[in-house]
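Beneath this line is the structure, given in structure tokens, with notes to follow.
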Amino acid sequence: MIPIEANETFRRSINFAIDLARQSDALEACLLHIVEPVRSWEILRLKTEEDANAQAISRSELFLEAAASHLRTAGIPCKTYFRETEPIFGILDLAEQLDCTGIVVPKPDWLANITNSFARSLKNAQRSIPVIVVRANGSIAP
């Protein structure tokens, strides 16, 4: 499983999957984009909850298709998923449902390392599925 975010660091995970596919012909990727449910009164006073959700789904489709196109070009079959839920447990729950063998996430850049890192939170909450953190150079971080 590869969680897709609204930034370019997800390409590290995509490139890792492409490199891994060169070593194994039985690779299939599951791409997931998660948005947290809209609860902010600032947003909800300008839009209805349905409008905010429709916009999230539309943006999600763009992110997922961009990532999927790289994998399909490399000959890797993939499926895309969208969930509106809390990110950490949403990723872990879907990965278990789909019987994924790993969750690949990019290692944050140095500034994100100072703050609470998404990858670190995911690793700390992990269950039985290994979380693979990929550095900018494509190597696996400890």
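Numbers here are sequence positions counted from 1.
Cluster membership check: V35 does not share its hydrophobic cluster with F63, using side-chain heavy-atom separations under 4.5 Å among Ile, Leu, Val, Met, Phe, Trp and Tyr. Put simply, V104 and I76 are part of the same group of oily side chains (I, L, V, M, F, W, Y) that touch within less than 4.5 Å, one to the next. The hydrophobic cluster containing L62 does not contain Y81, counting ILVMFWY residues as joined when their side-chain heavy atoms lie under 4.5 angstrom apart, directly or transitively. No continuous path of hydrophobic side-chain contacts links V105 to V134 [ILVMFWY only; heavy atoms under 4.5 Å].
Summarising the geometry, atom CD1 belonging to I4 is positioned 7.0 Å from atom OG belonging to S13; distances are rounded to the nearest 0.5 Å. Atom OG1 of residue T80 and atom CG of residue L64 lie 5.0 Å apart, to the nearest 0.5 angstrom.
The minimum heavy-atom distance linking L32 with M1 is given by the pair CD2-SD, 3.9 Å. Among all heavy-atom pairs drawn from G90 and T85, the shortest one is CA-CG2, 3.7 Å. Of all non-hydrogen atoms in D19 and R22, the two that sit nearest each other are OD1-NH1, 2.6 Å. When all heavy atoms are compared, the tightest approach of P106 to R12 is CB-CD, 3.9 Å.
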Could you pull out all donor-acceptor pairs under 3.5 Å where a side-chain atom in residues 92-102 meets a protein atom, sequence neighbours excluded?
residue : atom : partner : partner atom : Å
D93     : OD1  : R127    : NH1          : 2.5
D93     : OD1  : R127    : NH2          : 3.0
E96     : OE1  : R127    : NH1          : 3.2

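Heavy atoms from other residues, nucleotides or ligands lying under 6.0 Å from CZ of R59 number 12 at most.
Here side-chain hydrogen bond (donor to acceptor under 3.5 Å, both in side chains) pairs that include residues 131-142, with residues two or more places apart or in two chains, are R135-S139, N137-S139.
Side-chain contact check for I103 versus I132: every heavy-atom pair is 4.5 Å or farther apart. No side-chain heavy atom of F10 sits less than 4.5 Å from a side-chain heavy atom of I2. V133 is not listed as a side-chain neighbour of I140, based on a closest heavy-atom distance of 4.5 Å or more. Residues L71 and L31 form a side-chain contact, since some pair of their non-hydrogen atoms from C-beta on lies under 4.5 Å apart. Here the side chains of L27 and L20 are in contact, with some heavy-atom distance below 4.5 Å.
The side-chain contact (heavy atoms from CB on, under 4.5 Å) with I34 is formed by just one residue from the set R83, E84, E86; it is R83.
Relative ring orientation between H33 and F82 is described as parallel, the plane-to-plane angle staying below 30° on a 0-90° scale split at 30° and 60°.
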**Report entry** Candidate pair C78 and E28, rule side-chain contact (heavy atoms from CB on, under 4.5 Å), full reasoning
**Finding:** CA-CA 6 Å; C78 62; E28 181 179 333; 5.7 Å; no
